[in-house]
Amino acid sequence: MTNSSGDYKPSRRDVLRPIEYVGGAAIAAIFTGLVVLITAREPMLALIIAGIVFIVVLVTLALLSMAVKPNAEEAAEIEGDAPASGEAPPEPDAPSSPVH
């Protein structure tokens with residue numbers, strides 16, 4: 001791409017995506033920390049386990065997001081764009097005769 005530094009503006013969704021990952025990891029860590037605190041009644045152990053879960057979930061979400069790259073059709077569906085010029089999406093081919 002030959003865009004200058006001032007041409008590209010990320011969408012709001014692109015800007016907030018890292019916050020979604022951190023929030024999801026934080027929710028998992030808080031839940032796990034509370035479960036450990038309630039069962040073991042050791043606050044330090046609960047903090048250690050919550051920290052480990054936070055890091056593991058955050059790294060896992062980041063790796064999974066890097067592994068998936070949507071194609072043009074999926075990107076349009078994610079963005080909520082309608083098909084161009086009112087075209088309906090192609091229907092899958094139906095079998096002409098049942099297989100016995």
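Just so we're clear, the structure is a prediction, and the values are computed from it rather than from any experiment. These values consider heavy atoms only, across backbone and side chains, with no hydrogens, waters or symmetry-generated copies.
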Q.
Could you see if Met66 belongs to whatever hydrophobic cluster contains Leu61? Use Ile, Leu, Val, Met, Phe, Trp, Tyr and a side-chain cutoff under 4.5 Å.
A. yes

(Q) Using every non-hydrogen atom in the two residues, find where Leu45 and Ala40 come nearest and quote the distance to one decimal. (A) CD2-CB, 4.1 Å

Q: Could you tell me which residues satisfy side-chain hydrogen bond (donor to acceptor under 3.5 Å, both in side chains) with Thr39, sequence neighbours excluded, listed by chain and number?
A: none

Q: Start with the C-alpha distance between Val57 and Thr60, add both sets of side-chain angles, then the distance that settles side-chain contact (heavy atoms from CB on, under 4.5 Å), and finish with yes or no.
A: CA-CA 5 Å; Val57 170; Thr60 304; 5.6 Å; no

Q | Shared hydrophobic cluster, Leu63 / Val53 (ILVMFWY, side-chain heavy atoms < 4.5 Å) | A | yes

Q) Is it true that Ile19 and Ile27 fall in one hydrophobic cluster, defined by side-chain heavy atoms closer than 4.5 Å? A) no

Q | Considering all heavy atoms, the nearest Ala46-Gly33 contact | A | CB-O, 3.5 Å

Q: Mind listing the closest non-hydrogen atom pair of Val22 and Phe54 along with its distance?
A: O-CE1, 3.8 Å

Q. If you measure from CD on Glu42 to CD1 on Ile49, what distance do you get to the nearest 0.5 Å?
A. 11.5 Å

Q: Examine Leu64 and Tyr21 and state if one hydrophobic cluster contains both, with Ile, Leu, Val, Met, Phe, Trp and Tyr joined whenever side-chain heavy atoms are less than 4.5 Å apart.
A: no

Q.
If hydrophobic clusters are built by linking Ile, Leu, Val, Met, Phe, Trp and Tyr wherever their side-chain heavy atoms come under 4.5 Å apart, do Leu37 and Ile52 end up in the same one?
A. no

Q: Using modelled atom types only, decide if a donor and an acceptor are shared between the side chain of Thr32 and the backbone of Ala29 within a distance under 3.5 Å.
A: no

Q. Could you state the interatomic distance from CZ (Arg17) to CZ (Arg12), rounded to the nearest 0.5 Å?
A. 14.0 Å

